[in-house]
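Reading through the structure tokens given below for one structure.
Letters go in sequence order (proteins before strands), and every chain restarts at 1. What's counted below: heavy atoms across the whole structure, side chains too, no hydrogens, waters or symmetry copies.
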Number of protein chains: 2
Amino acid sequence: MSPTKIEQRQATVHALLTEGRRQFARDGYAAVSLAGIVDALGLTKGALYHHFPGKAALFRAVVEQVQEQVAARVVAAAEAAPGSWRQLTAGCEAFLRASADPEVQRIMLIDGPAVLGWDVWRALDDASSGRHLREALQAVIDDGVIAPQPVEPLMHLLSGAMNEAALWLARSDDPRDLDDTVAALHSLLDALRSPANGAT
Amino acid sequence: MSPTKIEQRQATVHALLTEGRRQFARDGYAAVSLAGIVDALGLTKGALYHHFPGKAALFRAVVEQVQEQVAARVVAAAEAAPGSWRQLTAGCEAFLRASADPEVQRIMLIDGPAVLGWDVWRALDDASSGRHLREALQAVIDDGVIAPQPVEPLMHLLSGAMNEAALWLARSDDPRDLDDTVAALHSLLDALRSPANGAT
DNA sequence: CCAGTTGACATACCGAGGGTATGCATTCTA
DNA sequence: TAGAATGCATACCCTCGGTATGTCAACTGG
């Protein structure tokens with residue numbers, strides 16, 4: 001019994017995404033050739049262009065997949081924490097740890113904005129981890145843990161801080177840097193807490 | 001009297017840098033062709049490859065130039081402020097304003113890390129604005145304005161926060177966002193101040 | 001069960017663009 | 001002033017993204 005068409009399609013798309021992610025992460029977007037991807041899978045460019053409009057579209061699909069996996073780890077860590085404040089800090093720390101993966105870094109943080117454009121990249125982030133950060137910040141404000149203030153500026157400051165910190169930590173050889181960074185991040189966040197408000 | 005060789009060289013290099021910066025900023029690194037740059041100057045690719053080892057090298061030279069200009073604005077703002085703490089905040093705000101330029105954004109913040117690699121990009125930043133941020137942070141620690149702590153994690157958190165905020169602000173249509181961002185950044189920095197320490 | 005259609009690829013080809021090898025004229029230098 | 005070095009042009013190659021077209025198997029309605 002030969003595989004059904006829908007199965008075949010799913011298998012091919014999955015293979016292209018997997019191999020694409022491998023090579024994009026290892027060599028960077030610009031240095032990856034479509035021929036190299038399809039050759040590694042025993043396919044041809046015709047197959048790739050049947051499923052994706054072009055190289056950038058394949059890369060975008062890979063980015064979305066990476067974003068979703070990072071967001072999943074963030075959500076899992078946040079949900080395990082009690083109270084909105086602990087959920088925020090736990091989510092931030094989980095994001096830092098998830099972004100330590102070199103594949104995540106190269107694809108999501110370095111090549112992503114340049115290849116897709118910053119606006120598209122931001123929109124993708126807003127659909128995954130960015131949204132959770134925004135909701136977590138709104139929650140701590142609603143709970144009165146930090147002073148009422150516009151969420152958007154704060155969200156972008158924190159998002160950028162964590163992205164850059166993740167990239168730096170990956171190059172750092174001192175294991176204490178992660179703890180120091182988390183500590184510095186916590187002290188920055190602590191700044192926002194309303195006076196006379198403990199953990200919530 | 002014909003121009004001397006050293007003059008000719010300087011003029012050509014300067015023209016390549018200027019036109020390169022224009023096109024890199026307008027179209028993005030990947031969409032810029034070397035033929036397009038040299039055609040706009042009435043030159044040929046031979047001239048470009050005589051002065052630069054390749055496309056990436058020209059781009060790197062442009063990035064360095066942009067970095068230096070941003071750093072100059074940061075330094076100017078910082079030097080005009082009294083005391084280490086005010087110098088830090090003034091420098092941060094100047095960086096945000098300087099990074100509002102679309103040319104700076106596209107070249108320095110978006111394409112830079114992807115084209116040059118994050119490590120090279122970081123090294124370039126450390127040679128300009130990054131160094132000043134580190135020194136400013138060290139100064140406020142030495143002056144006892146903020147609690148003693150590792151400078152590197154803090155520097156990367158702040159650097160990333162400002163980079164991302166600058167990109168977001170450029171897309172924002174609400175002029176209050178800049179003020180809100182600066183306010184949020186100030187409140188984050190305030191978190192670090194040692195108790196019982198006014199402006200220094 | 002079968003003719004016609006759709007879909008999942010493969011093959012062949014094109015053009016753009018980065019990089020290189022080489023030629024040439026002018027300026028420098030001994 | 002003759003040879004060397006330099007600034008730049010010309011011609012060429014090759015990789016690679018994208019497209020047009022062909023082909024065979026799987027689906028679908030009668």
Side-chain angles (χ1 to χ4, degrees), chain A residues 1-24 26-63 107 111-112 114-117 120, chain B residues 1-24 26-63 107 111-112 114-117 120:
Chain A
M1 50 175 290
S2 50
T4 176
K5 271 199 172 181
I6 182 78
E7 285 172 346
Q8 187 62 36
R9 179 185 183 88
Q10 289 177 340
T12 302
V13 168
H14 181 265
L16 287 170
L17 286 173
T18 303
E19 183 64 24
R21 173 168 176 168
R22 265 179 42 111
Q23 299 204 17
F24 284 140
R26 194 188 54 194
D27 305 328
Y29 179 83
V32 168
S33 77
L34 298 183
I37 293 179
V38 294
D39 282 357
L41 298 171
L43 296 174
T44 65
K45 286 200 292 180
L48 197 157
Y49 276 91
H50 182 71
H51 295 288
F52 297 95
K55 187 184 181 183
L58 172 63
F59 180 75
R60 180 195 166 118
V62 170
V63 170
I107 293 173
D111 282 340
V115 173
L116 305 176
V120 172
Chain B
M1 52 173 288
S2 48
T4 176
K5 271 201 171 180
I6 182 78
E7 285 172 348
Q8 186 64 34
R9 179 186 183 89
Q10 288 177 341
T12 302
V13 168
H14 181 265
L16 287 170
L17 286 174
T18 302
E19 184 63 25
R21 174 169 175 168
R22 265 179 43 110
Q23 299 204 16
F24 284 141
R26 194 188 54 195
D27 305 327
Y29 179 83
V32 169
S33 78
L34 298 184
I37 293 179
V38 294
D39 282 357
L41 298 172
L43 295 174
T44 64
K45 286 200 292 180
L48 196 157
Y49 275 92
H50 182 70
H51 295 287
F52 297 95
K55 186 184 182 183
L58 172 63
F59 181 76
R60 181 196 165 120
V62 170
V63 170
I107 293 173
D111 282 338
V115 173
L116 305 176
V120 173

Short side-chain to backbone donor-acceptor contact, [X] and [Y], under 3.5 Å:
X	Y	value
A:Glu7	A:Thr4	yes
B:Tyr29	B:Ala56	yes
A:Lys55	A:Ser33	no

Integer-rounded Å distance: [N] [atom2] and [X] [atom1]:
X	N	atom1	atom2	value
B:Asp27	C:dG17	CG	C1'	15 Å
B:Phe52	C:dG19	CZ	C1'	16 Å
A:Asp39	C:dA10	CG	P	10 Å
B:Gln10	D:dG7	CD	C1'	14 Å
B:Ile37	C:dG17	CD1	P	12 Å
B:Leu34	C:dT20	CG	C1'	13 Å
A:Tyr29	D:dC16	OH	C1'	12 Å
B:Leu58	C:dG17	CG	P	16 Å

pair [X]-[Y]: side-chain heavy atoms closer than 4.5 Å:
X	Y	result
B:Arg21	B:Phe59	no
B:Val120	B:Arg60	yes
A:Leu58	A:Ile37	yes

Applying a 4.0 Å non-hydrogen cut-off, can you work out what A:Val32 is touching in the nucleic acid: base, sugar-phosphate, or nothing?
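Sugar-phosphate only.
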Between the protein and nucleotides 8-11 of chain D, list every N/O to N/O distance that falls short of 3.5 Å.
| residue | atom | partner | partner atom | Å |
| --- | --- | --- | --- | --- |
| D:dC8 | OP1 | B:Gln8 | NE2 | 3.0 |
| D:dC8 | OP1 | B:Thr12 | OG1 | 2.5 |
| D:dC8 | OP2 | B:Thr12 | OG1 | 3.4 |
| D:dC8 | OP2 | B:His51 | NE2 | 2.5 |
| D:dA9 | OP2 | B:Thr44 | N | 2.9 |
| D:dA9 | OP2 | B:Thr44 | OG1 | 2.6 |
| D:dA9 | O5' | B:Thr44 | OG1 | 3.4 |

